[in-house]
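Below: one structure, written as structure tokens.
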Amino acid sequence: MKTRVFGAVRVVAIGLALALAANAVMGSAARADDIRIGQYVSLTGTTATFGQSMNKGVTMAIDETNSAGGLLGKKITLITEDDQSKPEEAKTAAIKLIKQQRVVALLGEIASSRSLAAAPEAQRAGIPMVTPASTNPKVTQVGDYIFRTCFIDPFQGSTMAKFAHDTLKANQVAILKDVKNDYSVGLAEFFEKTFTGLGGQVVATESYSEGDTEFRAVLTAIRSKNPQAIYVPGYYTEVGLIARQARELGLKVPLLGGDGWDSEKTLEIGGDAVNGSYYTNHLSAEDPSPVVQGFIQKFKAKHGEVPDAMAVLGYDAGRILIDAIKRAGSTDGAKIRDALAQTKDFPGVSGSITIDADRNSKKNIVVLKIEGGKVKFQTSIAP
Amino acid sequence: MSTFVQQVLNGLAWGSVYALIALGYTMVYGVLKLINFAHGEVYMMGAMAGYYVGRWAQKAELPMPLRLPVTLLGAMAACAVLGFLIERFAYRPLRQANRLSVLITAIGVSLLLQNGGQLVFGADPKYFPQVLSYSEVVNTGGVVLSNIQLVIMVTAVALMAALNLFVQKTRSGRAMRAVANDKAAAQLVGISVDRIISLTFVIGSVLAAAAGVLVGLSNPKVDPLMGIMPGLKAFVAAVLGGIGNIPGAMLGGRAARAGRDAGLGDRPLDLP
């Protein structure tokens with residue numbers, strides 16, 4: 001039995017090795033007339049709408065460049081790997097894209113936990129990586145090849161804390177966070193820091209894990225502390241249910257959140273229960289600026305739906321990367337990195353983008369309100 | 001105090017769901033000595049089937065009181081077929097194989113349903129149709145009990161009572177107990193073991209489907225990966241009640257959850 005299993009393992013191992021070798025040879029001999037850009041996104045799994053939206057945005061950016069004559073006289077080939085919304089798969093996907101597909105740069109991920117899992121691979125291989133929407137500060141601290149085209153969570157958390165304290169006049173809030181998620185934990189921390197600094201009080205801190213559907217226990221515990229608002233820095237998959245169950249238990253106070261709420265699904269699953277809630281986001285679809293409205297029209301014509309923020313950020317990240325390769329005049333990793341670092345006042349759809357010394361972007365943030373099943377623009381705050 | 005009562009109620013309602021899923025684990029383990037890891041996915045398929053039947057019931061404008069029973073029965077029928085097919089094509093060919101092979105096959109079926117589900121239904125979560133409109137049965141002194149929670153508890157108890165009657169009083173039930181006790185001896189006295197095993201899978205799957213619909217009703221978000229965690233937690237509940245032991249699974253589900261919610265409501269650990 002033992003030898004039989006071992007024999008089988010050996011056959012599989014040899015087969016794999018051969019396949020890898022063949023792939024590597026073919027990869028390196030890849031047509032020299034294209035520029036390969038890789039993206040690892042969550043097309044399936046728990047936060048699939050993030051990856052699907054990002055993919056639509058990135059694909060649009062690359063298609064536009066290709067139909068306008070390509071980049072450095074070559075066509076761009078986009079190679080997509082699905083990471084199933086899992087950090088360990090994100091890491092595998094990044095390795096696959098770098099080692100087998102020999103991409104010159106990486107785009108991904110939306111979720112900070114997954115960007116954090118893959119970023120060290122990009123850094124080690126000297127392949128520049130641009131994340132469209134991972135807001136946790138640790139992501140770009142991985143190294144000098146990692147960039148982002150969005151704001152970071154200290155800004156996002158403090159904005160909501162100020163909004164809750166100054167505009168909603170709340171003094172006592174509860175926090176309900178996803179305890180296994182870097183984004184959620186970080187955002188909760190930054191919110192609490194600012195909120196208590198303003199003289200407010202966090203009366204309860206509760207947690208859940210991604211994939212939970214039953215929140216009545218933690219909500220009942222929160223209810224006993226009578227908060228004036230509840231900060232839920234989670235993802236759209238859980239927010240709708242949390243809102244519903246809070247209302248059923250008689251908790252009628254506003255829920256507050258971050259850009260992880262940004263999906264049609266929050267409204268669909270939350271229904272009436274999410275009305276009167278607020279969240280911070282990268283942009284508002286109601287923004288009257290011609291750049292935003294023009295993009296929405298273009299996106300609608302192609303995909304038949306209004307883009308969410310992740311689609312817009314994917315589009316911007318793709319264009320910034322293409323712009324950097326163009327300015328670098330080469331597909332060499334270090335040269336693309338230097339060009340990315342020099343990005344200044346790039347006219348993105350989500351606002352003007354300048355990469356700072358920490359490889360982050362300073363951008364405006366918007367506060368949105370859900371009202372009557374629609375997302376309404378509330379206010380915009382500059383960094 | 002009201003917080004404590006509320007937590008026990010929350011726990012009893014949600015624990016009923018675990019109990020229904022745990023029954024499927026425990027019954028299959030009883031007759032086959034197999035941990036059917038695909039069971040959580042059967043529960044997911046029950047919720048998905050409920051989603052489609054419920055939407056149809058809304059579109060066909062069935063009278064409101066009929067919608068829930070129709071959704072429940074539709075999902076149960078779909079999962080009965082699924083449970084039969086899984087046993088027939090995944091496990092029966094391995095009846096004589098060693099137990100590790102069967103266990104690995106169970107994990108394979110589980111992955112097949114998770115990923116196949118994402119392919120067929122789409123990976124994004126879906127909003128479960130409200131086939132029962134929400135109302136409050138009790139709302140006094142800070143304790144809220146909704147009609148949905150009540151329906152969950154009543155349906156679960158009714159299904160478990162029916163199962164108990166079936167296992168204790170009917171010929172097939174007796175045959176099932178005989179197979180669980182000693183497969184070879186059961187065969188010798190003329191019991192068709194394969195038929196009984198099929199029946200066990202069908203019943204377990206029907207109960208899981210009911211759990212899926214009840215969860216859809218109370219937590220209206222269904223997606224192809226929703227079976228993973230409840231599957232594991234119900235497995236824990238089944239083990240807690242002594243796996244292979246039917247009343248144990250019923251109690252295990254509730255005890256685990258009610259205990260967690262009442263005692264650990266302030267600091268929920270990753271317990272069932």
Side-chain angles (χ1 to χ4, degrees), chain A residues 1 5 42-53 82 84-86 176 179-180 204-226 235-242 244-245 247-251 263-273, chain B residues 1-11 13-15 17-18 47 98 100 114-115 117-119 122-128 130 134 136 139 142-146 148-149 215-216 218-230 233 257-258 260-262 264-270:
Chain A
M1 182 63 203
V5 169
S42 51
L43 294 177
T44 59
T46 47
T47 50
T49 72
F50 284 165
Q52 290 167 358
S53 289
D82 176 20
Q84 304 165 29
S85 307
K86 295 178 190 156
L176 180 54
V179 72
K180 286 190 204 150
T205 304
E206 296 288 344
S207 40
Y208 62 90
S209 314
E210 182 171 29
D212 281 357
T213 54
E214 175 69 21
F215 305 96
R216 289 186 178 87
V218 284
L219 288 168
T220 304
I222 286 177
R223 193 184 64 175
S224 67
K225 303 281 173 40
N226 293 317
Y235 287 152
Y236 68 92
T237 41
E238 279 84 33
V239 167
L241 286 182
I242 290 174
R244 266 178 190 276
Q245 293 172 18
R247 303 304 180 234
E248 285 175 14
L249 288 166
L251 265 169
S263 170
E264 273 294 302
K265 295 287 167 184
T266 301
L267 302 176
E268 188 190 333
I269 296 166
D272 289 342
Chain B
M1 186 59 202
S2 70
T3 302
F4 178 77
V5 175
Q6 182 75 56
Q7 295 290 33
V8 172
L9 278 179
N10 296 343
W14 189 241
V17 169
Y18 284 147
N98 66 33
L100 190 62
Q114 279 167 25
N115 293 304
Q118 294 196 54
L119 203 65
D124 48 334
K126 292 179 171 47
Y127 176 63
F128 196 88
Q130 291 301 283
Y134 176 86
E136 284 164 6
N139 187 354
V143 177
V144 183
L145 178 69
S146 71
I148 292 176
Q149 283 175 309
V215 164
S218 90
N219 310 336
K221 182 196 86 174
V222 295
D223 65 78
L225 300 179
M226 68 183 282
I228 303 172
M229 279 323 281
K233 289 174 178 178
R257 185 68 200 199
R260 174 209 142 148
D261 285 357
L264 303 169
D266 283 322
R267 312 154 258 129
L269 304 169
D270 236 342

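Judged by distance alone, the side chains of A:Glu248 and B:Ser146 never bring a donor and an acceptor atom under 3.5 Å apart.
Residues passing the side-chain hydrogen bond (donor to acceptor under 3.5 Å, both in side chains) test with B:Asn139, sequence neighbours excluded: B:Glu136. Looking at residues two or more places apart in sequence or on another chain, you find a side-chain hydrogen bond (donor to acceptor under 3.5 Å, both in side chains) between A:Thr44 and A:Asp82.
Interface residue A:Thr49: only side-chain heavy atoms are found under 4.5 Å from chain B. Of the two parts of A:Glu268, the backbone and the side chain both hold a non-hydrogen atom closer than 4.5 Å to a non-hydrogen atom of chain B. Within the 4.5 angstrom heavy-atom criterion, only backbone atoms of A:Leu43 (N, CA, C, O) approach chain B. B:Tyr134 touches chain A through its side chain: at least one heavy atom from C-beta onward sits under 4.5 Å away, while N, CA, C and O do not. Using a 4.5 Å cut-off between heavy atoms, A:Tyr208 makes no contact with chain B at all. Using a 4.5 Å cut-off between heavy atoms, A:Leu241 contacts chain B through its side chain alone, with no backbone atom that close.
Of the possible polar contacts, one joining the A:Ser85 side chain to the A:Thr47 backbone as a donor-acceptor pair under 3.5 Å is found. A donor-acceptor pair under 3.5 Å is absent between the side-chain atoms of B:Gln114 and the main chain of B:Leu225, judged by distance alone.
Using a 4.5 Å cut-off on side-chain heavy atoms (C-beta onward), B:Asn219 and B:Trp14 make contact.
Ranking A:Gly211, A:Ser42, A:Gly45 against chain B, the residue ahead of the rest is A:Gly45, based on heavy-atom pairs under 4.5 Å. Annotation: maximal heavy-atom pairing with chain B below 4.5 Å, among A:Gln52, A:Gln84, A:Arg244, occurs at A:Arg244.
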